[in-house]
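Structure first, then comments.
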Amino acid sequence: QVQVTESGGGLVQTGGSLRLSCAASGRALSSYAMAWFRQAPGKEREFVGGIYWSGSITYYGDSVKGRFTISRDNVKNTVYLQMTSLKPEDTAVYYCATKSGLITYSKTGYDYWGRGTQVTVSS
């Protein structure tokens, strides 16, 4: 069983920055992959990025490449999503999710999800 809890959402102006946190707890975290998804009203849940607890490779969705950065703190069992150059189209509820095995871009297969944190970018 793994639990994940997001925090750090809020209201920011276009061009601004925000950092989200995802605190994870549970057994054998090192064998899990962590990912961020987002969902805007009326849209499908979209892959934002992913990282493994072990290793340094990160993955990003096309819409956020070059603007968002994922990192982790293994001591704190926390994954971060640093968001810069924010745009109104980044407005969404951001979810942290975890799964065993490989990171995938589809929400299918992620076993544990947080409740989400709202990010609103004003124009």
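Keep in mind that what you see is a predicted model, and the values were worked out from it rather than measured. If you read the sequence from its start, that first residue is 1, and numbering goes on from there.
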*Quick one: do Met83 and Phe37 end up in the same hydrophobic cluster if we chain Ile, Leu, Val, Met, Phe, Trp and Tyr together by side-chain heavy atoms under 4.5 Å apart?*
no
*asked:* Taking the basic N atoms (NZ, or NE/NH1/NH2) and the acidic carboxylate oxygens, is any pair closer than 4.0 Å for Asp90 and Lys87?
replied: no
*asked:* Would a single hydrophobic cluster contain both Val79 and Val48, if residues Ile, Leu, Val, Met, Phe, Trp and Tyr are joined by side-chain heavy-atom contacts under 4.5 Å?
replied: yes
*Nearest heavy atoms of Gly101 and Tyr52, plus distance in Å*: O-CE2, 3.5 Å
*So, does Thr98 use its side chain to make a donor-acceptor pair with the main chain of Met34 at under 3.5 Å?*
no
*Can you hop from Val64 to Val93 via hydrophobic side chains spaced under 4.5 Å?*
no
*Has Gln82 got more than 12 heavy atoms of other residues, nucleotides or ligands less than 6.0 Å from its CD?*
yes
*Can you hop from Ile51 to Trp53 via hydrophobic side chains spaced under 4.5 Å?*
yes
_Pairs involving residues 88-107, ordered by first then second residue, that meet ring-ring contact (aromatic ring centres under 6.0 Å, His included) (sequence neighbours left out)_ = Phe47-Tyr105
*asked:* List the residues meeting ring pair (Phe, Tyr, Trp, His ring centres under 6.0 Å) with Tyr80, not counting sequence neighbours, and say none if there are none.
replied: none
*disulfide (SG to SG under 2.5 Å) contacts in which one or both residues fall within residues 35-93, not counting sequence neighbours*: none
*Who are the side chain to side chain donor-acceptor pair (under 3.5 Å) partners of Gln39, not counting sequence neighbours?*
Arg45
*Between the main-chain N or O of Lys76 and the side-chain N or O of Thr78, is there a donor-acceptor pair closer than 3.5 Å?*
yes
*Residues two or more places apart in sequence or in another chain: which of them pass salt bridge (charged side-chain N to carboxylate O under 4.0 Å, His left out) with Lys107?*
Glu44
*Residues in side chain to side chain donor-acceptor pair (under 3.5 Å) contact with Asp73, at least two apart in sequence or another chain*: none
_Looking at every heavy atom in both Ile70 and Gly50, which two are closest together, and how far apart are they?_
CD1-N, 3.1 Å
*Passes side chain to side chain contact (heavy atoms under 4.5 Å, CB included), Leu86 versus Phe68? Steps please.*
CA-CA 9 Å; Leu86 284 162; Phe68 291 11; 3.8 Å; yes
*Side-chain heavy atoms of Lys99 within contact of Thr104, under 4.5 Å*: yes
_Contacts of Lys43 that satisfy side chain to side chain contact (heavy atoms under 4.5 Å, CB included) - sequence neighbours left out_ = Ala40
Mind listing the side-chain donor-acceptor pairs of residues 112-119 below 3.5 Å, one per line with the distance, residues two or more places apart or on another chain?
unit_1 : atom_1 : unit_2 : atom_2 : d
Trp113 : NE1    : Tyr110 : O      : 3.2
Thr117 : OG1    : Gly9   : N      : 3.1
Gln118 : NE2    : Ala92  : O      : 3.4
Gln118 : NE2    : Thr120 : OG1    : 3.3

*Contacts of type side chain to side chain donor-acceptor pair (under 3.5 Å), residue Ser123, not counting sequence neighbours*: none
*Which residue pairs pass the disulfide (SG to SG under 2.5 Å) test when at least one of the two sits in residues 36-89, sequence neighbours left out?*
none
Which side-chain N or O atoms in residues 15-23 pair as donor and acceptor under 3.5 Å with protein atoms at least two apart or in another chain?
none

*Does the side chain to side chain contact (heavy atoms under 4.5 Å, CB included) test come out yes or no for Arg67 and Tyr60, once each step is laid out?*
CA-CA 10 Å; Arg67 299 188 298 123; Tyr60 297 97; over 6 Å; no
*Any side-chain heavy atom of Ser25 within less than 4.5 Å of one from Asn77?*
no
*Where at least one partner belongs to residues 55-84, residue pairs that pass disulfide (SG to SG under 2.5 Å), sequence neighbours excluded*: none
*asked:* To check you understand the geometry: which heavy-atom pair defines the closest contact between Ser100 and Asp111, and what is its length?
replied: N-OD2, 4.0 Å
*Would you kindly confirm whether Ile57 and Leu81 end up in one hydrophobic cluster when ILVMFWY residues are joined by side chain heavy atoms under 4.5 Å apart?*
no
